[in-house]
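Indexing begins at 1, ligand by ligand and atom by atom, following the structure's order. Residue numbers count from 1 along this sequence.
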Amino acid sequence: MSHLTDTKSWQALAKHRDNIKHMRELFAEDNQRFEKMSVKGCGLLLDYSKNRLDETALSNLFQLANETKLTEKIQAMFAGNAINTTENRAVLHTALRASSDTEVIVNGQNVMPEIQQTLKKMEQFVNDVHNGTWVGYTGKTITDIVSIGIGGSFLGPKIVSQALRPYWTGHINCHFVANVDGTSIVEKLKPLDPETTLFVMSSKSFSTQETLTNTLSARNWLLKSGADKAAVAKHFVAITSNVAKATEFGIEEKNTFPMWNWVGGRYSLWSAIGLPIVLLTGFETFKTLLNGAAEMDEHFATQPLEQNMPVLMGLISLWYSNFYGSESQVILTYDHYLRGLPAYIQQLDMESNGKSVDLAGNSLDYNTGPVIWGGEGTNGQHAYHQLIHQGTALIPADFIFPLTSHNPLGNHHIQLASNCFGQTQALMQGRTFEEAKAELSNSNLSEEQKNIIAKHKVMPGNRPSNTILMDKLTPKTLGALIALYEHRTFVQGAVWDINSFDQWGVELGKVLGVDVLNRLGSDKSCSELDSSSNSLINLFKKGSL
Ligand SMILES: O=P(O)(O)OC[C@H]1O[C@H](O)[C@H](O)[C@@H](O)[C@@H]1O
């Protein structure tokens with residue numbers, strides 16, 4: 001493959017960028033633009049018509065995908081090739097939701113039977129907890145789950161559980177602890193009863209400091225309540241790929257659920273890491289979530305590039321990062337249940353594509369992963385939308401909206417819809433100087449003042465957005481939506497020729513953290529580091545300013 005920026009399509013895109021008309025004109029010229037630039041599939045509709053795209057730009061983007069062998073790379077992922085090259089691992093979150101009769105071979109072995117066994121074990125465990133067969137050390141039924149995990153072992157289960165609130169079975173409450181800040185676990189445990197609380201410890205590596213520390217504190221809390229060591233078995237289960245470490249820690253092997261090194265942390269909610277979701281919503285709902293994701297996998301693997309939602313979204317996102325210098329992208333969910341999704345996609349995308357060398361280790365001369373941020377509509381409209389409309393940065397936006405609400409209440413949903421659609425329209429159209437001036441025509445301002453105020457009211461428009469609709473937020477559509485973003489992330493990483501599946505930057509943070517911890521714990525004053533770090537460490541040891 002020739003260097004990315006030397007490819008014909010890259011060069012053509014760079015040249016074409018400035019020829020694209022304002023979106024206002026593009027819409028005025030073609031009243032079929034929505035029909036041509038929207039795709040339906042897997043219970044979702046993607047409207048990408050409000051983007052700085054014309055036929056030439058689109059065909060060059062598809063050409064770029066071809067020149068960078070996107071289709072072959074997609075196939076390599078599904079086939080279980082070791083595409084995580086720095087760790088020599090396959091990347092198979094898709095196998096976790098594949099139908100049981102599929103064969104997926106990793107190192108000569110079909111991984112599907114093990115996945116199915118684990119699902120069965122999850123189902124049995126959750127049934128036991130729900131029907132009161134699994135009881136605490138004093139024989140009482142479990143009422144509360146505390147899920148301990150961080151990163152991918154936290155965000156997926158937490159955000160999916162939150163999104164599926166209407167599907168909770170009501171058997172149990174679930175609480176999530178991630179941060180090592182003691183306040184987090186102390187506050188969560190305050191209202192709970194050790195006799196009826198079960199801890200689900202989620203750590204793929206079983207070596208993450210935050211999770212181990214929180215688990216130890218949880219165990220002490222249980223033991224302090226009068227439970228003996230044997231009680232731990234009734235109150236702790238673990239999900240990990242490191243069963244040996246979990247048993248060493250005191251969790252019985254039969255109470256562990258496996259994970260595999262071919263599932264990345266940020267792609268793991270479909271594995272046993274999703275246990276809190278199953279505890280809250282039941283096994284069938286979890287299966288439906290998996291099926292929704294599997295439908296998107298099928299779509300991604302089989303649809304032509306032009307009709308392929310993750311491909312379209314990946315290429316469009318890349319278009320702004322690489323050809324318009326856009327450094328951030330915003331996810332705006334117009335559904336309260338999806339309020340956590342931006343944080344989920346933030347980890348997914350930024351940990352995957354925050355890279356600056358290609359697969360061969362060469363430094364890149366083009367932008368990779370943008371900053372992902374966002375929040376729920378309409379709250380953001382009264383906060384940061386101002387910058388998206390009129391700021392100097394170009395911030396492409398994804399608007400996500402279910403047509404039907406789980407909570408139909410008066411005019412709430414129609415107003416929510418009007419805000420969502422109104423925002424995308426305003427971003428696209430903007431407001432010209434003449435329009436702003438006309439709005440001031442009845443005011444008492446002088447002509448000069450009108451001119452000044454009108455300039456402040458001008459909105460450039462031509463600000464891009466995708467809109468993703470679904471009939472309703474269900475386990476199925478949620479599964480498809482999350483898989484859509486997973487594959488969007490993949491598409492960009494594939495074109496950029498980077499490894500989207502390692503995270504060496506995070507690993508370094510962990511190593512340096514241990515060094516500082518040792519210094520904080522030592523009696524000696526710290527003087528070996530830079531003056532700032534020395535002083536901060538010494539002040540902490542002193543305990544006051
Ligand atoms: O599940 P664990 O091994 O405890 O890892 C938890 C998290 O650790 C790191 O921060 C990784 O970058 C994340 O991707 C991972 O999800």
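- Contact atoms of ligand 1 toward Gly265: 16 (O) (distance under 4.0 Å to a heavy atom of the residue).
- Note: Phe501 and Tyr267 have tilted aromatic rings, judged against thresholds of 30 and 60 degrees for the angle between ring planes.
- Protein heavy atom nearest atom 8 (O) of ligand 1, with residue, atom name and distance: Lys510 NZ, 3.4 Å.
- The ligand atoms of ligand 1 that sit less than 4.0 angstrom from a heavy atom of Gly151 are 16 (O).
- Annotation: cation-pi geometry not satisfied between Arg266 and Tyr344 (NZ/CZ under 6.0 angstrom from ring centroid, within 45° of ring axis).
- Between Phe257 and Phe125, the distance from one ring center to the other falls under 6.0 angstrom.
- Aromatic ring centres of His487 and Phe300 lie closer together than 6.0 Å.
- Judged by the 6.0 Å and 45° rule, Lys188 forms no cation-pi pair with Phe176.
- Heavy-atom contacts of Thr208 reach the following atoms of ligand 1: 2 (P), 3 (O), 4 (O), 5 (O) (cutoff under 4.0 Å).
- Between His3 and Tyr366, the ring-plane angle classifies as tilted under the 30° and 60° cut-offs.
- The distance from ligand 1 to the heavy atoms of Val506 drops below 4.0 Å at these ligand atoms: 9 (C), 10 (O), 12 (O).
- Ring centers of Trp270 and Phe286: at least 6.0 Å apart, outside the cut-off.
- Annotation: cation-pi geometry satisfied between Arg165 and Trp168 (NZ/CZ under 6.0 angstrom from ring centroid, within 45° of ring axis).
- Counting protein heavy atoms only, atom 3 (O) of ligand 1 is closest to Ser205 OG, 2.6 Å.
- Checked by distance only, ligand 1 and Glu351 come closer than 3.5 Å through their nitrogen or oxygen atoms.
- Proximity to Gln503 (heavy-atom distance under 4.0 Å) selects the following atoms of ligand 1: 12 (O).
- Below 3.5 Å of separation, one finds an N or O of Gly152 facing an N or O of ligand 1.
- For the pair Gln347 and ligand 1, a heavy-atom separation below 4.0 Å is found.
- Under 4.0 angstrom from ligand 1, the non-hydrogen atoms of Lys204 come from both its backbone and its side chain.
- Those atoms of ligand 1 that come under 4.0 Å of a heavy atom in Ile150, given as number and element, are 6 (C), 7 (C), 16 (O).
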